[in-house]
Amino acid sequence: MTAQALGRLKDALVLVQDDVFASGLSFRLAVRSVGSFRERSIYHVTLEDGRFYGGVSGREGETEEDALAEVAEGVQDLFAEVLNIAWPDCAVHNRGLHMHCPAGSSPAWWCYFGEGHLVAPVGELSALNPS
């Protein structure tokens with residue numbers, strides 16, 4: 001993995017980490033490059049203590065939007081598989097949100113309950129819960 005790609009993933013993690021804290025969770029996260037498989041770089045989103053879910057291997061965050069979407073999904077997978085937590089939640093419907101990133105758009109947290117609605121762009125959950 002190039003230093004530039006790893007940098008994009010780490011920058012994305014800063015935004016997702018803000019969402020984690022805004023949700024009232026205190027887990028600290030990291031992104032670690034762990035090698036490659038069939039010429040694709042593999043990285044893990046990990047908890048501070050090193051626990052991870054091995055399902056993440058992406059496009060190395062080819063763009064800032066790709067990196068943000070990949071890391072957001074990686075954190076969701078990590079929380080679900082390692083901690084048994086559905087994160088983040090829709091405060092209106094009390095249901096888990098989904099990262100949604102249609103072509104040409106920035107990654108955002110969506111609630112698909114009913115007709116569905118945008119909750120917040122990834123990295124901006126703190127705007128819903130100002131301190």
Next item on the list: Give, for atom CD of Glu48 and atom CZ of Phe27, the distance between the pair rounded to the nearest 0.5 Å.
Entry: 11.0 Å
Note to self: For a 4.5 angstrom cut-off between non-hydrogen side-chain atoms, does Leu29 reach Leu78?
What the structure shows: yes
Check: What class does the angle between the rings of His100 and Tyr112 fall in, given that below 30° is parallel, 30 to 60° is tilted and above 60° is perpendicular?
Finding: perpendicular
Next item on the list: To the nearest 0.5 Å, tell me how far Leu9 CG sits from Ser33 OG.
Entry: 9.0 Å
Checklist line | Nearest heavy atoms of Ala12 and Val71, plus distance in Å | finding: CB-CG2, 4.0 Å
Notebook entry, point to check: Do Leu118 and Leu97 share a hydrophobic cluster, counting only Ile, Leu, Val, Met, Phe, Trp and Tyr and linking them when any side-chain heavy atoms are less than 4.5 Å apart?
Noted result: no
Next item on the list: Mind checking salt bridge (charged side-chain N to carboxylate O under 4.0 Å, His left out) for Arg51 and listing every partner two or more places apart, or none if nothing turns up?
Entry: Asp49
Notebook entry, point to check: Roughly how far, to the nearest 0.5 Å, is NE2 of His44 from CZ of Phe52?
Noted result: 4.0 Å
Margin query: How close do Ala69 and Pro107 get, counting heavy atoms only, and between which atoms?
Written below: N-CG, 3.8 Å
Next item on the list: Kindly give the heavy-atom pair with the smallest separation between Ser105 and Glu65, and that separation in Å.
Entry: O-CG, 4.3 Å
Checklist line | Stepwise side-chain contact (heavy atoms from CB on, under 4.5 Å) check, Asp77 with Val82 | finding: CA-CA 8 Å; Asp77 289 346; Val82 175; over 6 Å; no
Check: In Å, rounded to the nearest 0.5 Å, how long is the span from CG of Leu125 to CG of Asp18?
Finding: 9.5 Å
Notebook entry, point to check: Taking the six-membered ring for Trp, are Phe79 and Trp87 parallel (under 30°), tilted (30 to 60°) or perpendicular (over 60°)?
Noted result: perpendicular
Item checked: Distance in Å, Leu68 CG paired with Asp11 CG, rounded so as to fall on 0.5 Å steps -> 10.5 Å
Next item on the list: First locate atom NE2 of His98, then atom SG of Cys111, and finally report the distance between them rounded to the nearest 0.5 Å.
Entry: 7.5 Å
Note to self: Would a single hydrophobic cluster contain both Val31 and Val14, if residues Ile, Leu, Val, Met, Phe, Trp and Tyr are joined by side-chain heavy-atom contacts under 4.5 Å?
What the structure shows: no
Item checked: Counterpart residues, side chain to side chain contact (heavy atoms under 4.5 Å, CB included), relative to Ala30 (two or more places apart) -> Arg32, Thr46
Next item on the list: Using the test side chain to side chain contact (heavy atoms under 4.5 Å, CB included), find all partners of Ala72 that sit at least two apart in sequence or belong to another chain.
Entry: Val16, Met99, Trp109, Val122
Note to self: Would you say that Val75 contacts Val20 through its side chain, given a criterion of any heavy-atom pair below 4.5 Å between the two side chains?
What the structure shows: yes
